[in-house]
Number of protein chains: 2
Amino acid sequence: MLRLSKKVEYAILALQFISNKDDKFATAKEISDSLEIPFEFLSKSLQTLMKKGILESQLGVRGGYQLARSPNKITIQEVIVALEGRSGLVDCTYKKSNETCDKIETCLLKNPMAVLQNRINSIFKQTTIAQLSGEVKN
Amino acid sequence: MLRLSKKVEYAILALQFISNKDDKFATAKEISDSLEIPFEFLSKSLQTLMKKGILESQLGVRGGYQLARSPNKITIQEVIVALEGRSGLVDCTYKKSNETCDKIETCLLKNPMAVLQNRINSIFKQTTIAQLSGEVKN
DNA sequence: CGATAATACGATTATTTTAGTCGCATTTTA
DNA sequence: TAAAATGCGACTAAAATAATCGTATTATCG
């Protein structure tokens with residue numbers, strides 16, 4: 001509950017790892033070995049991050065992944081959205097406007113939850129990969 | 001992902017309902033009918049909230065539930081903790097101190113995530129049932 | 001050119017968590 | 001003493017998450 005999925009958790013660790021390698025390419029194998037993360041599982045997340053423009057990949061023999069931009073420009077929010085799609089505290093806060101729930105008129109949850117959601121999102125938007133590796137101040 | 005469970009969602013709605021009934025007892029049946037929530041499922045949550053001191057119950061025929069204290073003294077955080085037990089963004093932020101994960105020395109996730117967790121918790125601690133029914137300001 | 005080391009990607013399976021149900025016991029009141 | 005309620009444990013169902021498998025494609029190096 002209110003837990004980050006392994007997909008996101010692994011991805012953040014991997015991004016830190018890649019970030020620390022700096023200019024060289026990091027291979028999925030190398031990352032999964034170092035961090036003891038299932039290779040196939042990690043690979044798919046890296047591929048997703050690539051498609052979303054967070055990572056760049058190089059195919060073939062000396063290939064691998066590198067950050068598409070500076071780690072202080074990559075927020076956790078982006079990583080979450082990339083890997084999970086948009087999500088909300090309650091279903092109705094991320095439903096498209098046309099699929100309204102049938103209790104919409106009387107529901108006392110949607111608006112206040114949307115507010116809380118925004119506050120939480122803003123925490124994730126403010127936190128970058130670079131910050132995580134350094135200290136995060138409270 | 002980062003979604004409130006139905007248990008918590010229903011419980012919050014139920015607490016709002018009970019709060020609006022004021023001094024009278026609200027029965028689980030009444031609540032589940034009004035809010036269209038599965039009766040048995042809701043009942044268990046209400047019983048848990050009772051054991052945790054958020055609700056008071058009266059057994060027998062004219063029985064039911066009422067708030068154990070004013071709705072502005074009941075935070076969402078309490079409801080979440082009551083129903084889910086403590087939870088964290090990543091496993092290690094809620095593991096007991098003795099069951100440390102084997103990557104503890106090199107892990108770059110635990111401390112920063114604990115910080116984010118605290119920020120999120122503080123949002124939930126600041127939000128009461130009374131506030132939800134009124135407006136929640138951003 | 002061909003072997004090898006890498007990513008790309010869809011399909012499938014396994015595991016865990018969440019949601020919901022059932023049955024029966026107990027309590028209280030009218 | 002019947003009826004209306006909560007209390008509680010065991011069970012089942014469904015959904016989400018995590019992990020695996022198989023195979024195709026791409027690029028480099030010798």
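Proteins come first, then strands; the chains are lettered A, B, ... in the order of their sequence lines, and each starts at number 1.
Rounded to whole angstrom, the span from the CZ atom of Phe39(A) across to the C1' atom of dA8(C) amounts to 11 Å. Spacing between atom CZ of Arg3(B) and atom P of dT18(C) amounts to 9 Å, rounded to whole angstrom units. One interatomic measurement links the two molecules: NZ of Lys24(A) to P of dA6(C), which rounds to 15 Å at whole-angstrom precision. For the pair Lys51(A) NZ and dA8(C) P, the computed distance is 9 Å after rounding to whole Å. When the C1' atom of dA4(D) is taken as reference, atom OH of Tyr65(B) falls 13 Å away, rounded to whole Å. Computed from coordinates, the Ile18(A) CD1 to dT7(C) P distance equals 10 Å when rounded to whole Å. Rounded to whole Å, atom C1' of dT7(C) lies 14 Å from atom CD of Gln66(A). Separating the CG atom of Asp33(A) from the P atom of dA6(C) is a distance of 11 Å, rounded to the nearest angstrom.
Nucleotides of DNA chain C nearest to Pro38(B) and Ser57(A) differ in position, and the one nearer the 5' end is that of Ser57(A).
Taking the salt bridge (Lys or Arg N to Asp or Glu O under 4.0 Å) definition, one finds that Arg62(A) meets it with nothing, sequence neighbours left out. Remark: Ser34(A) engages Phe17(A) in a side chain to side chain contact (heavy atoms under 4.5 Å, CB included) (not counting sequence neighbours). Residues satisfying the side chain to side chain contact (heavy atoms under 4.5 Å, CB included) criterion with Phe41(A), sequence neighbours excluded, are Lys6(A), Lys7(A), Tyr10(A), Pro38(A). The salt bridge (Lys or Arg N to Asp or Glu O under 4.0 Å) test applied to Glu30(B) returns Lys21(B), not counting sequence neighbours.
The side chain of Phe41(B) lies closest to dT21(C) when the candidates are dT7(C), dA18(D), dT21(C). Across dA8(C), dA19(D), dT6(D), the shortest atom-to-atom separation from the side chain of Met50(A) is found for dA8(C). Across dA18(D), dC9(C), dG20(C), the shortest atom-to-atom separation from the side chain of Tyr10(B) is found for dG20(C).
Among pairs with a residue in residues 41-52 of chain B, none fulfils side-chain hydrogen bond (donor to acceptor under 3.5 Å, both in side chains), at least two apart in sequence or across chains.
The hydrophobic cluster containing Val90(B) also contains Ile123(A), counting ILVMFWY residues as joined when their side-chain heavy atoms lie under 4.5 angstrom apart, directly or transitively.
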Sugar-phosphate means primed atoms, P, OP1 and OP2; the rest is base. With that split, encode nucleotides 21-29 of chain D 5' to 3' as B, S or - using protein heavy atoms under 4.0 Å.
BB---BBBS
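Here the side chain of Gln117(A) pairs a donor or acceptor atom with the backbone of Leu89(A) at under 3.5 angstrom.
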